Amino acid sequence: MSVQKATAFAPASVGNVAIGFDILGFSVDALGDRVTVSRRAEPGVSIRAVRGVVGELPLEPEKNTAGRALLAMQEALRPGFGFEMEIEKGIPLGSGLGGSAASAVGAVVAANALLDEPCSKLELLKFAMQGEAVASGSLHVDNISPSLFGGLVLTVGIDHPRVKQIPVPAEVRAIIVHPHMFLSTRQARAILSQSVKMSDFVWQTANLAGFISGCYTNDIDMLRASFEDVVIEPQRQALIPGFQDVRRASMEAGALGCSISGAGPTLFAWATESHAQAVRDAMRAEFARRSIEVDEWIVEINSGGARVVESA
Ligand code: HSE
């Protein structure tokens, strides 16, 4: 019998991972969005409710990230029935933790479970990308891909994306520290310069190559040496109060690197397991000195990505 209703969980994600602007990201299973999609007789998409930590999102499908993703799916597949959706937000808006991506990913994964001929994850990626564009005004995949596939994910290409899940040394943990403030992705993208100095280009390219090779070869020293964004972070750091101090504190506590999660204001660090708690405490203490409340998580970087958690 056909599935009438399915709920998917889609994890949060850290975009850019310092050196991979718009192309590299990792999933964070500790929080995420849950999206329930039901069949409805008429083709098209409707959004019944948005609940959870964010309530005030548009219910018009074309203005909603998850709605737009499902509209793209309807248009391409014409399944002969429509989608009705409810969204339970677990990821705060404007946090830099890939909330809009997770809603779009959760929506397409849940809707896929209703199809008689389900799509591949790569096909779902393209639908979810349409949704992400609503939120940030541009097509980028560094949150969508890890939320969908799980773990550390590199995406090459937009029209014909190629996705690579990259192994992360087993002893590495990610420390995520979310200060309670809102930062608009659109705004954080709008301030970026459209050109890059040649010397920065060389440095950033070396760091990205070093970082990826460090992951594949379990080379912790290489990760530490290459974990520096010399292009985007210098332009965005003023948007986050205390950024320099939090970063410095994390490095003094033994982090391999520390940078902005996506467009911010969440910051993240990587550290070996034995340093992770000290790094978290140091980052939290710097925000506390400025009376900024935070949520924080220490996670492994090996989640399975979005998945159906209920169906009927
Ligand atoms: N790569 C994107 C950015 C992520 O940094 O603007 C934000 O969604």
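Every value quoted in this text rests on a predicted model; they were computed, and no experiment measured them. Here, residue 1 is the first one in the sequence, and each next residue gets the next number.
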Asker: Could you tell me whether Glu310 and Arg34 have a side-chain N and a carboxylate O separated by less than 4.0 Å?
Answerer: yes
Asker: Can you tell me which residue among Val294, Val279, Asp295 is in a side chain to side chain contact (heavy atoms under 4.5 Å, CB included) with Arg284?
Answerer: Val294
Asker: Testing the 3.5 Å rule here: is there a donor-acceptor pair between the side chains of Glu233 and Ser259?
Answerer: yes
Asker: Crowded around Glu62 CD? As in, over 12 foreign heavy atoms under 6.0 Å?
Answerer: yes
Asker: Using a 4.5 Å cut-off on heavy atoms from C-beta on, say whether the side chain of Leu152 contacts that of Val17.
Answerer: yes
Asker: Using only heavy-atom distances, determine whether the side chains of Ser100 and Thr65 contain a donor-acceptor pair under 3.5 Å.
Answerer: no
Asker: Rounded at 0.5 Å granularity, tell me how far CD1 in Ile23 sits from CG in Asp142.
Answerer: 8.5 Å
Asker: Donor-acceptor pair, distance only, cut-off 3.5 Å: does the side chain of Arg48 make one with the backbone of Glu84?
Answerer: no
Asker: If you draw a 6.0 Å radius around CD in Gln4, do more than 12 non-hydrogen atoms from other residues or ligands fall strictly inside?
Answerer: yes
Asker: Consider only side-chain N and O atoms of Ser27 and Ser303, and report whether a donor and an acceptor are under 3.5 Å apart.
Answerer: yes
Asker: More than 12 heavy atoms of other residues, nucleotides or ligands under 6.0 Å from CZ of Phe201: is that the case?
Answerer: no
Asker: Taking the side chain as every heavy atom from C-beta outward, state whether Met251 and Leu256 have any pair of such atoms under 4.5 Å apart.
Answerer: no
Asker: Does atom CD (Glu75) have a neighbourhood of more than 12 heavy atoms from anything else shown, all under 6.0 Å?
Answerer: no
Asker: Taking NZ, NE, NH1 and NH2 as the nitrogens, is one of them in Asp22 or Arg189 under 4.0 Å from a carboxylate oxygen of the other?
Answerer: yes
Asker: Do Val308 and Thr7 have side chains that approach each other closer than 4.5 Å (heavy atoms only, starting at C-beta)?
Answerer: no
Asker: In the structure I gave you, are the side-chain heavy atoms of Val35 and Glu86 within less than 4.5 Å of one another anywhere?
Answerer: no
Asker: Is there side-chain contact between Val105 and Asn143, with at least one heavy-atom pair below 4.5 Å?
Answerer: no
Asker: Would you check if there is a donor-acceptor pair between the side chains of Thr36 and Lys5 at a distance under 3.5 Å?
Answerer: no
Asker: Between Leu114 and Phe81, is there a side-chain heavy-atom distance shorter than 4.5 Å?
Answerer: yes
Asker: Charged N to carboxylate O under 4.0 angstrom, Arg290 versus Asp245?
Answerer: yes
Asker: When you check the gap from the basic side-chain N to the acidic O, do Arg307 and Asp29 get nearer than 4.0 Å?
Answerer: yes
Asker: Pairing donors with acceptors under 3.5 angstrom, does anything connect the side chains of Ser46 and Arg40?
Answerer: yes
Asker: Can you find a heavy atom in the side chain of Phe211 that is under 4.5 Å from one in the side chain of Leu223?
Answerer: yes
Asker: Can you tell which of Thr155, Val141, Ile144 makes a side chain to side chain contact (heavy atoms under 4.5 Å, CB included) with Pro161?
Answerer: Thr155
Asker: Checking side-chain contact (heavy atoms from CB on, under 4.5 Å) for the pair Trp270/Ile301: CA distance, chi angles, key distance, verdict?
Answerer: CA-CA 10 Å; Trp270 277 18; Ile301 308 161; 3.4 Å; yes
Asker: Which atoms form the tightest heavy-atom contact between Ala306 and Pro11, and what is the distance?
Answerer: N-CD, 3.7 Å
Asker: Would you mind reporting whether Val163 and Leu125 have side-chain heavy atoms less than 4.5 Å apart?
Answerer: yes
